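Below: the structure, in structure tokens.
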Amino acid sequence: MNVITRFAPSPTGYLHIGGARTAIFNYLFAKKHSGKYLVRIEDTDKKRSSEKAIKAIHKGLNWLKVNSEYKIIYQSQNFNSHIKVAYELLEKGFAYKCFLNSDELEKLRIKSRENGIPIKSPWRNKKEQGKNQNKEFVIRLKMPSNGTTTIDDIVQGKVTVKNEILDDMVILRSDNTPTYMLSSVVDDNNMKITHIIRGDDHFNNAFRQIQIIKYLDWNIPYYAHIPLIHGTDGTKLSKRHGATSLFDYHNLGYTSEAMFSYLLQLGWSTKNDQDYFMDRATKLFALEKVNKSPAKFDLKKLNHINAKILNNMNVNDVYKLVIDKFKLSLSNEEQKRFKSLLPELVKRVQVYTDLEDEFDWLFQKNFFCKDKNFQSQLQKHNLMLKEIGSRLQKCEWTIESIKNCLNQYILQNSLTFKVIGPILRMALTGKTNSPDLVSIIYELGCTITANRLNYEY
RNA sequence: GGUCCCUUCGUCUAAUGGUUAGGACUCAGCCCUUUCACGGCUGCAAUAGGGGUUCGAAUCCCCUAGGGAUCACCA
């Protein structure tokens, strides 16, 4: 089979992480089967759609590297074909005009809900609309009233529903625009989508939409309704759970590789493999292995994956991420210093934006320790720092010599590294923890090191 | 409320009738160590509850409880 999948977001806001995961699944499934992966913007609701949102979605997809290589499809551009189908359904008797006004509809809705029956307009069985000819109407699909509908969903399994619970959904609005329920089905058919992979909040819709397909005798696609992502409290992920926009995670210092890997393993895995990167995932991905139950979004695990990825990345790539993020412009010397120290610094953060804390001592001219808590200690050991500083100035500038120089000082003064270490660290970095001191001294260079050790506190 | 779906350590999950129920994250402890990390090792911790079927059930069936999705001229 020639697999074709699609990711079909509605451009009403940013790309949220649930949508991002749906995109990943669609992308991977298509790649795995050497098929096509398409993106379709579902902008049937013009009032809620925006250009800005479309841009945000592309930005997100590009960042995650799951954008389509094919032409992006805009649903609104196919309106005419959708409308045509609505009238075709009407002509064939599978749909009907409904002239209910909003008050009448509201009453019907309340009644339906009380009785636990779906909405079916009284116009369903009226032969001709005669005097209503000029009134506003919607077109509703005439759902089968008996029998059952079964969908063999790749993720959810075989599910059967009684047709009597299906409501006569609106397929064409009174302003002559098609609804999502119609447009989506028509576009999927036109695009020859073979596998519809989407959030399971659409599962109920599938039983309604499939009726259109049956009436028109179109090919029924495979369905795979993947579970939603939940917040830590078990409810559908929303803003109160923290960032829900995919791109927020970029701004927070997560790599797209980490997001990809994490989102993918939220609901899918093979055996005990833990990290799935693009190339491996495309080989292994199988919809059948997707869990039916929703998974909770766990930032701690994301942090862990991100830290691991950051540490396995090429130094230049991490460097670039940080430079871009903070718009740093560094001298050659500073660049070299940063890159040399970066592998050690990265071990200490989970998101690369946390590296910002290191910028002061790394790049600030005339740096000195500003932390009040350490001032007295620095004053107390003023002489020691100066002595070490002057010894270092005479030292050949290699890691080995610097190390020897410090060791000599320790030996001659009957000290241990534990005694001088913390003081040196405060003077050089202003902090109580840092990478190895010898490397720091080496990378800072003789002049800067000496200046910092000679500072009068 | 109707309909549909779900339920294995706190979290993500493995185990498709036979395992001391495995791994990963988190947490705790230890080792390494000039600090903080990295890394390594060890530990805590689960089959929602109740009935069946079976020699044997996390796994199959039923009931209960809990959770979720959906019920628009939104998508």
Side-chain angles (χ1 to χ4, degrees), chain A residues 8-12 42-45 47-49 75 98 100 102 105-106 109 112-119 136-140 151 153 155-157 159-162 164-167 169-181 183-184 198-208 225 227-228 230 232-236 262 265-275 289 291-305 307-308 311 343-350 406 410 416-422 424-426 429 431-438:
Chain A
S10 62
T12 52
E42 308 236 312
D43 52 353
T44 49
D45 184 355
K47 277 167 248 151
R48 299 202 309 153
S49 302
Q75 194 154 58
C98 165
L100 252 29
S102 55
L105 190 61
E106 190 51 33
R109 207 195 316 281
S112 296
R113 193 142 182 166
E114 276 172 1
N115 299 327
I117 51 164
I119 289 185
E136 278 198 337
F137 63 88
V138 299
I139 296 182
R140 289 181 181 275
I151 289 179
D153 191 279
V155 172
Q156 304 290 329
V159 179
T160 300
V161 148
K162 289 196 183 93
E164 63 197 42
I165 65 130
L166 271 18
D167 68 319
M169 64 189 184
V170 173
I171 54 175
L172 197 74
R173 302 188 186 98
S174 53
D175 62 358
N176 205 43
T177 57
T179 62
Y180 157 80
M181 283 295 175
S183 296
S184 171
R198 62 207 333 184
D200 74 3
D201 50 337
H202 283 292
F203 196 41
N204 293 292
N205 290 337
F207 292 90
R208 307 201 284 161
H225 288 92
L228 266 19
H230 281 181
T232 42
D233 62 353
T235 61
K236 197 171 164 179
Y262 178 63
Q265 59 191 276
L266 224 47
W268 178 79
S269 71
T270 56
K271 296 287 177 187
N272 287 321
D273 287 349
Q274 284 300 313
D275 296 311
K289 296 295 282 182
N291 273 322
K292 286 166 111 172
S293 50
K296 291 174 186 166
F297 190 84
D298 180 18
L299 203 60
K300 283 181 174 160
K301 184 114 180 191
L302 210 210
N303 282 337
H304 176 256
I305 294 173
K308 210 159 142 187
N311 277 291
E344 277 301 310
L345 293 171
V346 157
K347 281 183 188 168
R348 291 157 174 80
V349 298
Q350 298 190 298
L406 291 180
I410 290 165
T416 62
F417 212 112
K418 278 192 173 156
V419 177
I420 69 161
L424 272 177
R425 185 167 282 110
M426 282 176 221
T429 71
K431 297 158 66 129
T432 54
N433 55 62
S434 76
D436 166 56
L437 273 172
V438 176

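The structure presented is a predicted model; accordingly, all values stated were derived computationally and were not measured. Every heavy atom of this structure was used, including side-chain atoms; hydrogens, water molecules and symmetry mates were not. Throughout, protein chains are lettered first and strands after them, A, B, ... in sequence-line order, and every chain is numbered starting at 1.
Summarising the geometry, the separation between CG on A:Leu266 and C1' on B:G68 is reported as 15 Å, rounded to the nearest angstrom. One interatomic measurement links the two molecules: CZ of A:Phe203 to P of B:A75, which rounds to 22 Å at whole-angstrom precision. Computed from coordinates, the A:Lys347 NZ to B:U33 P distance equals 15 Å when rounded to whole Å. Across the protein-nucleic acid pair, A:Arg48 atom CZ and B:A72 atom P stand 14 Å apart, rounded to whole Å. Between A:Leu406 atom CG and B:U35 atom P the separation is 15 Å, expressed in whole Å. In this structure, the CD atom of A:Gln265 is 12 Å from the P atom of B:C12, given to the nearest Å. The distance from atom CZ of A:Phe297 to atom C1' of B:U13 is 17 Å, rounded to the nearest whole Å. As rounded to whole Å, 13 Å separates atom P of B:U11 from atom NZ of A:Lys301.
Residue-level contact check: A:Pro435 touches the bases, meaning some heavy atom is under 4.0 Å from a base atom. Residue-level contact check: A:Ile165 touches the backbone only, with heavy atoms under 4.0 Å from sugar-phosphate atoms and none from bases. Using a 4.0 Å heavy-atom distance criterion, A:Leu424 is classed as making no nucleic acid contact. Looking at heavy-atom distances under 4.0 Å, A:Val138 makes contact with a base. Here A:Gly421 lies out of heavy-atom contact (under 4.0 Å) with every strand. Residue A:Thr232 is out of contact with every strand shown, counting any heavy-atom pair closer than 4.0 Å. A:Gly267 comes within 4.0 angstrom of sugar-phosphate atoms only, judged by non-hydrogen atoms across all strands, and of no base. Looking at heavy-atom distances under 4.0 Å, A:Thr235 makes contact with sugar-phosphate atoms alone, never a base. In this structure, A:Met181 reaches the bases: a heavy-atom distance under 4.0 Å links it to at least one base atom across the strands shown. A:His225 comes within 4.0 angstrom of no nucleic acid atom, judged by non-hydrogen atoms across all strands.
For A:Arg140, a side-chain nitrogen or oxygen approaches OP1 or OP2 of B:C73 to under 4.0 Å. Listed pair A:Thr179 / B:C73 fails the phosphate criterion, with no side-chain N or O lying under 4.0 Å from OP1 or OP2. At least one side-chain nitrogen or oxygen of A:Arg109 sits closer than 4.0 Å to the OP1 or OP2 atom of B:C73. Proximity of A:Lys296 to the phosphate of B:U11: a side-chain N or O atom is located under 4.0 Å from OP1 or OP2. Phosphate proximity of B:A69 to A:Lys292: absent, as no side-chain N or O sits under 4.0 Å from OP1 or OP2. Applying the 4.0 Å criterion to OP1 and OP2 of B:A14, one finds that A:Asn291 has a side-chain N or O inside that range.
Distance check on atom P: B:U26 versus B:C63 gives 41 Å, rounded to whole Å. Here the separation of B:A58 from B:G50, taken at their P atoms, is 13 Å to the nearest Å. For the C1' atoms, the distance from B:A69 to B:C9 is 26 Å, rounded to whole Å. If you take atom C1' in B:G22 and the same atom in B:A46, they sit 12 Å apart, rounded to whole Å. Spacing between B:A57 and B:G52 at atom C1', rounded to whole Å, works out to 11 Å. Rounded to whole Å, the separation between the C1' atoms of B:U59 and B:U7 comes to 14 Å. When the C1' atom is compared between B:A72 and B:U13, the two are found 37 Å apart, to the nearest whole Å. Taking the P atoms as reference points, B:C12 lies 39 Å from B:U33, given to the whole Å.
Taking the six-membered ring where the residue is Trp, the centroids of A:Phe207 and A:His202 are separated by 6.0 Å or more.
Judged by Watson-Crick or G-U wobble contacts below 3.5 Å, the nucleotide B:C36 has no partner. Of the nucleotides present, none pairs with B:A58 by Watson-Crick or G-U wobble criteria with both distances under 3.5 Å. With a 3.5 Å ceiling on both atom-pair distances, the Watson-Crick or G-U wobble partner of B:A24 is B:U11. The pairing partner recorded for B:A72 is none, the criterion being a Watson-Crick or G-U wobble arrangement whose two distances lie under 3.5 angstrom.
Along RNA chain B, the nucleotide nearest to A:His304 and the one nearest to A:Glu344 differ in position, and the one closer to the 5' end is contacted by A:His304. If you find the closest nucleotide of RNA chain B to A:Leu228 and to A:Lys162, the one lying nearer the 5' end belongs to A:Lys162.
Residues A:Leu406 and A:Leu424 are in side-chain contact: their nearest non-hydrogen atoms beyond the backbone lie under 4.5 Å apart. For the pair A:Val161 and A:Leu166, the minimum side-chain heavy-atom distance is below 4.5 Å. A:Leu172 places none of its side-chain heavy atoms less than 4.5 Å from the side chain of A:Val138. Looking only at side-chain heavy atoms (C-beta outward), A:Arg348 and A:Pro435 come within less than 4.5 Å of each other.
Comparing B:U35, B:U70, B:A75 by their nearest atom to the side chain of A:Asn204 picks out B:U70. In the set B:A75, B:U11, B:C36, B:U11 carries the atom at the smallest distance from any side-chain atom of A:Asp298. Side-chain proximity of A:Arg113 to the nucleotides B:C71, B:C73, B:U13 is greatest for B:C71. Set against B:C73, B:C36, B:C5, the side chain of A:Ser174 has B:C73 as its closest nucleotide.
Listed here is the closest heavy atom pair of A:His230 and A:Gly234: ND1-O, 2.7 Å.
Scanning atom types as modelled, no donor and acceptor separated by under 3.5 angstrom connect the side chain of A:Ser434 and the base of B:C36. Under 3.5 Å, the side chain of A:Asp201 and the base of B:A75 form no donor-acceptor pair of N or O atoms.
Defined by atom type and a distance below 3.5 Å, a donor-acceptor pair is present between the side-chain atoms of A:Ser434 and A:Arg425. In this model, a donor atom of one side chain and an acceptor atom of the other lie less than 3.5 Å apart for A:Asp175 and A:Thr177.
Ring geometry for A:Tyr262 against A:Phe297 counts as perpendicular: the plane angle is over 60°, on a 0 to 90° scale with 30° as the lower cut.
Under the 90° criterion around 0 for the glycosidic angle, B:C38 counts as syn.
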